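The shown structure was predicted, so the numbers you read here are calculated from the model rather than taken from an experiment. Here, residue 1 is the first one in the sequence, and each next residue gets the next number.
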Amino acid sequence: MASAIAAQTAVVAQATQATRARGAQRVQACAGFKAAPLAQKKQSLKAAVAQRVAAPQGAGSRVVATMAKKSVGDLSKADLEGKVVFVRADLNVPLDGDLKITDDTRIRAAVPTLKYLTDNGAKVLLTSHLGRPKKGPEDKFRLNPVQPRLSELLGKAVKKVDDCIGDAVAKATAELKNGEVLLLENVRFYPEEEKNDAEFAKKLAANADIYVNDAFGTAHRAHASTEGVTKYLKPSVAGFLLQKELDYLDGAVSAPKRPFVAIVGGSKVSSKIGVIESLLEKCDKIILVSCDGQFLGAGKGCKSARGWGKSESLPEKCDKIILGGGMIFTFYKARGLNVGSSLVEEDKLALAKELEEKAKAKGVEFVLPTDVIVADKFAPDANTQTVEVTAIPDGWMGLDIGPKSIDLLKDTLKGAKTVIWNGPMGVFEFDAFSKGTFAIADELAGMQDCITIIGGGDSVAAVEKAGVAEKMSHISTGGGASLELLEGKVLPGVAALNEA
């Protein structure tokens, strides 16, 4: 426990120093980024959110850029002492049937910001959502389980009130002393929250002086507690967690250490269209490798399908893309291959062809992989066999990559200096079909001279299950937010914050 708190305190100190030095140091960090050693590079990345204006890049474009935002580390003790700070965190932790926390990662992630605020004499009003309440207050969605764990992590008693607006909150706030934390109730008990109702946002802000958004997982939603309150509280700044997410997910894409590889997995191509399109638009050379049946494409400038070519000549974004998951079978079927009973989005076959045509227009050649593991049913005890991708039997479905494809994938990752991974390579929840996903996790864990970023969602669960989470450079706390940021979209909860 002591070591964990010490580590989090170190993060606070580090982030504070970085944000206060944001101006000239950012320019220097970017200038020396490629030549810096790995340890220095990681610090530079944390301190360098891309300085890009939040504006569309073209008429009808889905791609927008984010602007560097003011951070809680920019606020001094003089700015904070005695002030009431409204903090929106993401405390949406998983609970078991007895309402016991099964994973406190999100609570621990909120500690650096809360500790910085309380150490500097602020009075903290902390709110979050939990679950998906539909009919107002429900006991199973109350934030009560968070209170004792947060108190333990902060090393001080956290008070709680059973509402997030109104007289009860006003009274409890008036009784707060400097350095104390008051946990408010689930903000989604009010339907006005997700509607971004102006009057509700005003009530949330009524008792505070300053706003801090540290909830990256909901930053892609324009809700009252993430966007609406910023109209009533100034300054409105990013917490350390939100800042770190932006620095890694946006910074890595804007100024990556090359070669830069993106791994995009998952079961449906429809859920990753934006990411794939964004990467296709920005890449000069692409290598596409599936996971439930891989395909490999090498674009212009490649020495070979497994070679890097001259990455120095590439524009922003990726040098290579590894595309995996069940989505690949939609591409296969679009090409006329037999995929047995593998997962296919029939209404996305035309899209798969369109994406392939876009890639070809950029000089990208798609090459199908060699082998996949197929099963006779979707179950952990299914019968399995390893087959060539051109010989998938009728009635069998592809659920993981085969051993030859794993070797190809590992070879593809060799030499990478920055890797972003979003989405598993197969049905890793079943041991029989986890080898492909865990092979990636193990490979990334062993890449010592590489920044490895796990972009939220099932990828996080995969690295946790593989036991290598601590060996990754950064694990994102967002799912949809991570995807949208990787797509280049503006996040409403970020756009609403004050500029740096």
Side-chain angles (χ1 to χ4, degrees), residues 7 11 14 29 33-34 36-50 105 109 216 241 243-266 272 275 279 283 287 289 291 308 311 316-325 406 408-426 428 434-479 481-483 485-486:
V11 170
Q14 179 185 41
F33 193 74
K34 291 184 178 180
L38 182 64
Q40 180 182 339
K41 178 165 66 71
K42 288 185 177 181
Q43 299 308 318
S44 298
L45 186 57
K46 287 184 180 180
V49 179
T105 299
F216 176 71
L241 173 62
Q243 189 71 50
K244 182 183 177 186
E245 295 276 13
L246 295 174
D247 288 345
Y248 269 103
L249 292 178
D250 188 38
V253 172
S254 301
K257 178 70 173 178
R258 294 189 181 278
F260 172 33
V261 180
I263 306 171
V264 183
K272 304 295 173 72
V275 173
L279 293 169
C283 289
I287 291 181
V289 186
C291 68
W308 286 106
S311 62
E316 294 180 0
K317 305 293 183 180
C318 289
D319 298 312
K320 296 185 179 183
I321 302 172
I322 295 174
L323 186 62
I406 288 177
L408 176 62
L409 183 149
K410 290 181 177 180
D411 200 27
T412 302
L413 285 171
K414 284 181 179 177
K417 299 300 181 183
T418 304
V419 178
I420 291 180
W421 181 16
N422 184 289
M425 296 294 96
F428 72 94
S434 63
K435 292 182 177 63
T437 298
F438 288 173
I440 285 188
D442 290 339
E443 190 71 13
L444 295 183
M447 298 172 69
Q448 298 301 316
D449 191 31
C450 178
I451 285 185
T452 51
I453 303 167
I454 311 304
D458 289 338
S459 303
V460 176
V463 297
E464 292 281 0
K465 188 174 181 179
V468 296
E470 293 184 357
K471 296 183 179 180
M472 304 301 171
S473 303
H474 176 64
I475 296 180
S476 177
T477 58
S482 299
L483 277 178
L485 192 58
L486 290 175

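A distance of 11.0 Å separates CD1 in I453 from CG in L444, rounded to the nearest 0.5 Å. In this structure, the separation between CG on L413 and OG1 on T452 is 11.0 Å, given to the nearest 0.5 Å. A distance of 7.5 Å separates CD1 in I263 from CD1 in I454, rounded to the nearest 0.5 Å. Remark: K465 NZ to D458 CG distance equals 11.0 Å, nearest 0.5 Å. For the atom pair K410 NZ and T412 OG1, the distance stands at 12.0 Å (nearest 0.5 Å).
Taking every heavy atom of both residues into account, S459 and P424 meet most closely at OG-N, 4.2 Å. M425 and G436 make their closest contact through CB-C, 4.0 Å (heavy atoms, listed as atom of the first residue, atom of the second, distance). Heavy atoms only, all atoms of each residue included: M472 and A441 are closest at CE-O, 3.4 Å. Across all non-hydrogen atoms, the minimal contact from V419 to C450 is CG2-SG, 3.7 Å. The two atoms that bring K257 and T418 nearest to each other are O-OG1, 2.8 Å, heavy atoms only. When all heavy atoms of G455 and S482 are compared, the closest pair comes out as O-CB, 3.1 Å.
L485 places none of its side-chain heavy atoms less than 4.5 Å from the side chain of Y248. Here the side chains of I451 and K417 are not in contact, with every heavy-atom distance at 4.5 Å or above.
Evaluation of the side chain to side chain contact (heavy atoms under 4.5 Å, CB included) rule for A481 yields F216, H220 as partners, not counting sequence neighbours.
Ring planes of F438 and F428: tilted class, angle from 30 to 60°.
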